[in-house]
Number of protein chains: 2
Amino acid sequence: METYSISEAAKQINVTVYTLRYYDKEGLLPFVERTANGTRRFKESDIQALKIIECLKATGMPIKEIKQFIDWCGEGDESLQQRYDLFLERKATVKAQMEELKKTMDVIEHKCLYYEKALKAGTEKVHQAAAIVIN
Amino acid sequence: METYSISEAAKQINVTVYTLRYYDKEGLLPFVERTANGTRRFKESDIQALKIIECLKATGMPIKEIKQFIDWCGEGDESLQQRYDLFLERKATVKAQMEELKKTMDVIEHKCLYYEKALKAGTEKVHQAAAIVIN
DNA sequence: GTAAAGGCTAGAGTTCACTCTAGGTCAAGC
DNA sequence: GCTTGACCTAGAGTGAACTCTAGCCTTTAC
């Protein structure tokens with residue numbers, strides 16, 4: 001079975017080796033095995049697990065909560081419900097983030113139009129009457 | 001003209017007064033005027049500006065870059081192009097974030113289905129054959 | 001056999017964005 | 001006139017997530 005060194009693993013998931021060692025220190029990688037002399041070897045399934053970790057991180061989940069999830073994974077079927085609930089909750093937060101981001105995008109796009117007009121006119125005065133305003 | 005105290009302004013944009021003072025310290029609020037004894041009074045246009053600042057923050061923009069934008073706003077028409085470019089760039093990053101979030105959502109939804117099946121079966125074994133795997 | 005490349009740990013340092021504390025001013029209500 | 005509450009500043013402290021350093025150990029290539 002093919003395995004990867006820490007730097008190969010880091011490259012694959014696009015983080016630094018420092019980050020991987022930090023994750024391990026924080027208990028996120030209990031499944032990564034070591035050679036006789038202590039070197040980490042990442043299996044294909046470890047890479048997949050890291051992708052899940054990165055996915056959870058992308059939802060804004062703090063490392064301590066990700067560790068909780070990893071711990072649950074080690075418990076087996078006992079924690080199935082907790083893990084399901086966790087993903088349901090993540091789904092809801094990601095949905096909320098998407099909606100927030102859409103609102104943000106609307107504002108940004110308005111600003112783009114504002115500045116297009118201002119640039120065409122050569123001045124912001126096409127938009128406002130007086131004073132120093134943030135636009 | 002109606003104005004707001006720092007605590008009223010904080011409530012309106014849903015941050016703490018500490019945060020507003022911190023923003024001011026960092027140069028994000030040069031437009032906020034003070035009473036004779038030094039108390040900040042937020043105008044309606046200041047609240048709008050704060051909303052733009054919060055919008056930029058929501059795109060992941062660091063405070064130092066937001067300050068750059070605020071500085072440009074003070075320069076007037078000279079900086080129109082820079083400010084336009086900034087919003088174009090923000091638009092691109094938000095678009096990228098939306099795509100990333102969509103991918104994240106797809107993974108999360110897969111996990112939800114995985115756990116629904118596992119819960120129905122009462123065990124994760126419906127999914128995998130051997131070993132400790134993160135799921 | 002020795003030097004370079006890569007791995008290891010413990011622990012210190014960094015950055016960011018707040019968050020809070022201490023000590024002080026000021027206006028309003030009793 | 002004095003207490004209460006809201007405001008102020010400077011600066012210290014916090015927590016998260018890295019990021020790096022120092023010192024040490026293997027393996028590989030000349």
Side-chain angles (χ1 to χ4, degrees), chain A residues 2-43 46-47 50-70 90 93 97 100 104, chain B residues 2-43 46-47 49-70 93 97 100 104:
Chain A
E2 205 191 343
T3 62
Y4 308 96
S5 71
I6 193 164
S7 58
E8 288 164 343
K11 197 169 292 175
Q12 278 199 61
I13 56 164
N14 218 41
V15 297
T16 67
V17 295
Y18 297 138
T19 301
L20 287 183
R21 293 208 191 98
Y22 165 69
Y23 285 178
D24 202 2
K25 220 186 273 189
E26 294 299 307
L28 261 48
L29 313 177
F31 44 82
V32 174
E33 286 166 12
R34 308 278 189 126
T35 64
N37 66 60
T39 300
R40 277 171 272 246
R41 296 305 315 183
F42 290 74
K43 300 180 292 298
D46 297 347
I47 302 290
L50 272 167
K51 284 181 183 166
I52 298 301
I53 289 171
E54 288 304 297
C55 171
L56 289 174
K57 240 193 17 170
T59 72
M61 198 176 206
I63 264 131
K64 279 190 182 164
E65 281 175 47
I66 299 178
K67 179 181 161 34
Q68 170 70 277
F69 166 67
I70 299 292
R90 282 297 109 188
T93 66
Q97 284 168 6
E100 266 307 296
T104 299
Chain B
E2 206 189 347
T3 62
Y4 306 96
S5 71
I6 193 165
S7 58
E8 286 163 344
K11 197 168 293 174
Q12 279 198 62
I13 56 164
N14 219 40
V15 297
T16 67
V17 296
Y18 296 138
T19 303
L20 287 184
R21 292 207 191 98
Y22 165 68
Y23 286 178
D24 201 1
K25 221 186 272 188
E26 293 300 308
L28 260 48
L29 313 178
F31 43 81
V32 174
E33 288 168 10
R34 307 279 189 123
T35 63
N37 66 61
T39 300
R40 278 170 272 247
R41 296 304 316 183
F42 291 73
K43 299 180 292 296
D46 298 347
I47 302 291
L50 272 168
K51 284 181 183 165
I52 299 301
I53 289 172
E54 288 304 297
C55 172
L56 290 174
K57 240 193 16 170
T59 72
M61 197 178 208
I63 264 129
K64 278 189 184 166
E65 282 175 46
I66 299 179
K67 178 180 162 34
Q68 170 71 275
F69 165 66
I70 298 293
T93 66
Q97 284 168 6
E100 266 307 296
T104 299

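Remember, it's a predicted structure, so these values are computed and weren't measured experimentally. Numbered from 1 within each chain, the chains take letters A, B, ... in sequence-line order. Quick note: numbers below take in every heavy atom, side chains included, and nothing from hydrogens, waters or symmetry partners.
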If you measure from CD1 on B/Ile53 to CG on B/Leu50, what distance do you get to the nearest 0.5 Å? 5.0 Å
Mind jotting down which residue pairs meet the salt bridge (charged side-chain N to carboxylate O under 4.0 Å, His left out) criterion with at least one end in residues 29-38 of chain B? Sequence neighbours excluded, please. B/Asp24-B/Arg34, B/Glu33-B/Lys43
Run the side-chain contact (heavy atoms from CB on, under 4.5 Å) test on A/Asp46 and A/Tyr4 for me, step by step, so that the C-alpha distance in whole Å, both residues' side-chain angles and the decisive distance to 0.1 Å come before the verdict. CA-CA 10 Å; A/Asp46 297 347; A/Tyr4 308 96; over 6 Å; no
Protein N or O to nucleotides 27-29 of chain D N or O, pairs below 3.5 Å:
unit_1 : atom_1 : unit_2  : atom_2 : d
D/dT27 : OP1    : A/Asn37 : ND2    : 3.3

By the 4.0 Å heavy-atom rule, please label A/Ser7 as base, sugar-phosphate, or nothing. sugar-phosphate
How long is the line joining CG of A/Leu29 and P of D/dA17, in whole Å? 15 Å
Return the residues of residues 56-63 of chain B meeting this criterion: a heavy atom under 4.0 Å from some atom of DNA chain C. Order them by number, or give none. B/Lys57, B/Pro62, B/Ile63
Residues which pass side chain to side chain donor-acceptor pair (under 3.5 Å) with A/Gln97, listed by chain and number, not counting sequence neighbours: none
Sequence-distant partners of A/Lys51, side chain to side chain contact (heavy atoms under 4.5 Å, CB included), two or more places apart: A/Ile13, A/Ile47, A/Gln48
Going by the salt bridge (charged side-chain N to carboxylate O under 4.0 Å, His left out) test, which pairs reach into residues 4-21 of chain B, not counting sequence neighbours? none
Atom CZ of B/Arg40 and atom CD1 of B/Ile6: how far apart are they, to the nearest 0.5 Å? 4.5 Å
What is the distance from CD of B/Glu8 to C1' of D/dC7, rounded to the nearest Å? 12 Å
Side chain to side chain contact (heavy atoms under 4.5 Å, CB included) with A/Asn14: which residues, sequence neighbours excluded? none
How far does CG of B/Leu29 sit from CD1 of B/Ile70, to the nearest 0.5 angstrom? 7.5 Å
Under a 4.0 Å heavy-atom criterion, DNA chain C is touched by chain A from C/dG7 to C/dG11
Applying side chain to side chain contact (heavy atoms under 4.5 Å, CB included), name anything that partners B/Glu100, two or more places apart in sequence or on another chain. B/Lys103
Under 4.0 angstrom, heavy atoms only, what part of the nucleic acid is A/Arg41 near: base, sugar-phosphate, or nothing? nothing
Listed by chain and number, what are the side chain to side chain contact (heavy atoms under 4.5 Å, CB included) partners of A/Lys57, not counting sequence neighbours? A/Tyr23, A/Glu54, A/Ile66
If the condition is side chain to side chain donor-acceptor pair (under 3.5 Å), which residues does B/Thr104 pass it with, not counting sequence neighbours? none
Check: A/Arg90 and A/Glu65 side chains under 4.5 Å, non-hydrogen atoms: yes
Residues from residues 11-26 of chain A lying under 4.0 Å of DNA chain C - heavy atoms: A/Arg21, A/Lys25
